[in-house]
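Before any comments, here is the structure.
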Amino acid sequence: MSGPSDYQPSNPALQWIERRLPIIGLVHSSFVVYPTPRNLNYWWTFGAILSFMLGMQILTGVVLAMHYTPHADLAFKSVELIVRDVNYGWLLRNMHACGASMFFFAVYVHMLRGLYYGSYKEPREVLWILGVIIYLLMMATGFMGYVLPWGQMSFWGATVITNLFSAIPYVGESIVTLLWGGYSVGNPTLNRFFSLHYLLPFLIAGVVVLHVWALHVAGQNNPDGVEPKTEKDTVPFTPHATIKDGFGVACFLLLYAWFIFYMPNYLGDADNYIPANPGVTPPHIVPEWYYLPFYAILRSIPNKLAGVIGMFSAIVILCFLPWLDAAKTRSSKYRPLAKQFFWIFVAVCILLGYLGAQPPEGIYVIAGRVLTVCYFAYFLIVLPLLSRIETPRPVPNSISEAILAKGGKAVASVAIALAAAGALFLGSLQDARASEGNDRPPGNKWSFSGPFGKYDRGALQRGLKVYKEVCSSCHGLSYIAFRNLAEAGGPGYSVAQAAAFASEYKVKDGPNDAGDMFERPGRPADYFPSPFPNEQAARAANGGAAPPDLSLITKARSYGRGFPWFIFDFFTQYQEQGPDYVAAVLQGFEDKVPEGVTIPEGSYYNKYFPGHAIKMPKPLSDGQVTYDDGSPTTVAQYSKDVTTFLMWTAEPHMEARKRLGFQVFVFLIIFAGLMYFTKKKVWADSH
């Protein structure tokens, strides 16, 4: 629809450039005077949201790549050092990690909108196919990015997904070996995935350019599915569409910021805060929420090759949608049966996502097979059949004729469907992470919870004392330096106090001039030393079980809160499952093993620990540590204090995160309000 521009710059220098490279005229014709249907609703703003999110992902990804180390021995630590030591590294990491989920959320809304309003129909077939290609590239990029932190779920997710290619006859094993760079997931795999994850977003950006080009050639679809006929049916892209998209992006940024500053781990998996260990398989290997429907299709088919074909076919079939649906009427707004089946299809996708997070057994497998059949039946049976038997309602002759029609009911329906989808997806993830057969840890009131939560300095100092006198004999704090004790947001010690504390430790250094290793007093720049020289020594001293490093323990442990608490948790910003679990385990030791429960020899009973058998003996007892401030010297107090300290070691920048989050929210609310009133002013004469 956009043709040659009649724009002529007045500046002589710009005129000289325009005659030789008419890029200003191209921008003017494509993004200023480009005729846009005047009846577009807010579901069309997700195109602009996706463009914004792609830019954010590329920008934050490039900066993160400057500090990331793609090596199996260093990747996990490099990510943690980015978060802890790079200026605003925690913000970059949160923006990129949460941005992936926001990107997929927006693309699913964008695709469902296209499906509902028939945006795949002639003459927009190529536009739709390019969109499916972008989606496939996004899925590949997201999967490779999820591997890069090199945590437990990253490692095992890479192992499971790449193994799927072995089902391809004749060449499958060769493909897997090529992907791995060896005979198992390891350092070559990580290097390959890092390279591809860095490059693919630029390929996505190139296909997006083609997608926008195809959009401008065929013209935008609209809720009524009728082509613009006169100038009354359209408005200039700028300022009408740009200001409307700007308001939509501002509202979306509020949701994005909610996750970045207040719920950064809500969509993640606690197991990914545990370094990758090829010898320990997580009890539930669950992909990110945006892969769950296709993962359910894969698992519902008993044959491995057939499952892989089914999973990829569920995406590729979208490319053939323009020919599967031969109905002349585009928009489901005027197709009552198509509208009903569309919402049934949405429900099927939501339920498949739920099943994808459940264990592949019993009723879940049967339900998965039924829903897989329903998924493919929608494209292969329902849409072709409806195009032949359905009688649509009369379509308006023009956009201007239908401009006064209200779409609030449809908007409400979509909003309810999306809310239900999010609830089921997140709830299924919470259920999948739950510890089966264990007492649920009791909730605690933490000073650091909520949007304005802060660390209790007294609890931090008492917790450090408990760690030093009790926990440090077995557990290390390898990500905490003594200098961190004097930094803002920490326990509140001075630089001199941190230096004095460091000097109480002996740190191995060297080699010296004679080539020998030696011990010296600790310095503020040193990290807390490990109590054991290596993992084998730690296992030998603890009955074969290596005590975990406690730096990230409060983020590496969690439990499922179940329905409906996970919904309330989103609004109340409750993310303290890890601290609740750690405090509960410290208090969950019982001398008497309950009847009917057996634990291995050399283990101890703990009612909150998964499986109830723990190698660690009861670490705390009343009166064990003396407090100088008169606080109670009880196991409950010790547990809460040391857990508070360990929460700080896991997230030392939490106070800065919440403080900046409040400022960002104030700005975004004001900005969204200004954009809204500007939009009303711009559109006042267009309605």
Side-chain angles (χ1 to χ4, degrees), residues 80 83-85 90 264-265 273 443-505 522 524-529 548-557 575-587 619-620 624-660:
E80 275 305 309
V83 172
R84 295 167 185 271
D85 295 339
W90 59 268
N265 299 308
Y273 283 104
N444 292 274
K445 186 176 181 181
W446 302 102
S447 64
F448 48 80
S449 63
F452 304 105
K454 294 183 178 181
Y455 291 118
D456 181 340
R457 303 289 176 243
L460 289 179
Q461 294 181 11
R462 293 192 302 270
L464 174 58
K465 187 177 180 70
V466 174
Y467 167 78
K468 182 181 178 182
E469 295 186 16
V470 180
C471 309
S472 62
S473 60
C474 294
H475 300 274
L477 282 178
S478 59
Y479 294 102
I480 296 296
F482 295 112
R483 60 179 169 79
N484 298 139
L485 300 176
E487 292 177 351
Y493 291 113
S494 65
V495 174
Q497 287 174 315
F501 187 89
S503 65
E504 298 175 8
Y505 284 81
D526 292 324
Y527 287 79
F528 277 72
D549 186 274
L550 296 183
S551 303
L552 290 163
I553 196 70
T554 55
K555 292 205 290 188
R557 300 292 185 270
Q575 281 201 119
E576 284 70 51
Q577 296 97 321
D580 285 344
Y581 171 84
V582 172
V585 167
L586 290 173
Q587 301 174 69
L620 300 172
Q624 186 175 358
V625 179
T626 303
Y627 284 156
D628 299 329
D629 60 359
S631 297
T633 55
T634 61
V635 171
Q637 187 66 44
Y638 294 152
S639 301
K640 192 166 185 179
D641 290 341
V642 75
T643 301
T644 300
F645 172 71
L646 294 177
M647 184 63 199
W648 171 77
T649 65
E651 197 164 2
H653 298 295
M654 185 208 69
E655 291 185 0
R657 168 170 62 81
K658 293 184 177 182
R659 184 167 57 249
L660 180 60

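Because the structure is predicted, anything quoted here is derived from the model rather than measured.
Using the six-membered ring where Trp is involved, F528 and Y505 have ring planes that are perpendicular, over 60° apart on the 30 and 60° scheme.
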**OP:** Take E576 and K640 through the test salt bridge (charged side-chain N to carboxylate O under 4.0 Å, His left out) and record every step on the way to the result.
**Re:** CA-CA 12 Å; E576 284 70 51; K640 192 166 185 179; over 6 Å; no
**OP:** Might you work through the ring-ring contact (aromatic ring centres under 6.0 Å, His included) test for Y638 and Y627, ending with a clear yes or no?
**Re:** CA-CA 10 Å; Y638 294 152; Y627 284 156; 5.5 Å; yes
Subject >> Stepwise side-chain contact (heavy atoms from CB on, under 4.5 Å) check, M647 with W446 >> reply: CA-CA 10 Å; M647 184 63 199; W446 302 102; over 6 Å; no
**OP:** Given side-chain hydrogen bond (donor to acceptor under 3.5 Å, both in side chains), test Q577 with D580 step by step and report yes or no.
**Re:** CA-CA 5 Å; Q577 296 97 321; D580 285 344; over 6 Å; no
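When all heavy atoms are compared, the tightest approach of Y467 to H475 is OH-O, 2.9 Å. Minimum heavy-atom separation, H653 to V83: CD2-O, 3.4 Å. The two residues C471 and V642 have their closest heavy-atom pair at SG-CG2, 4.1 Å. Looking at every heavy atom in both residues, E655 comes nearest to G489 through OE1-CA, 3.7 Å. Here the closest heavy-atom approach between residue Y455 and residue E651 is recorded as OH-O, 2.8 Å.
To the nearest 0.5 Å, atom CG of residue L552 and atom OG of residue S478 are 8.0 Å apart. Rounded to the nearest 0.5 angstrom, K465 NZ and E469 CD are separated by 4.5 Å. To the nearest 0.5 Å, the span separating OG1 on T554 from CZ on F645 amounts to 11.0 Å. Taking CD of Q461 as the reference point, atom CG of D629 lies at 8.5 Å (rounded to 0.5 Å). Taking CD from Q587 and CG from L620, the interatomic distance works out to 8.5 Å, rounded to the nearest 0.5 Å.
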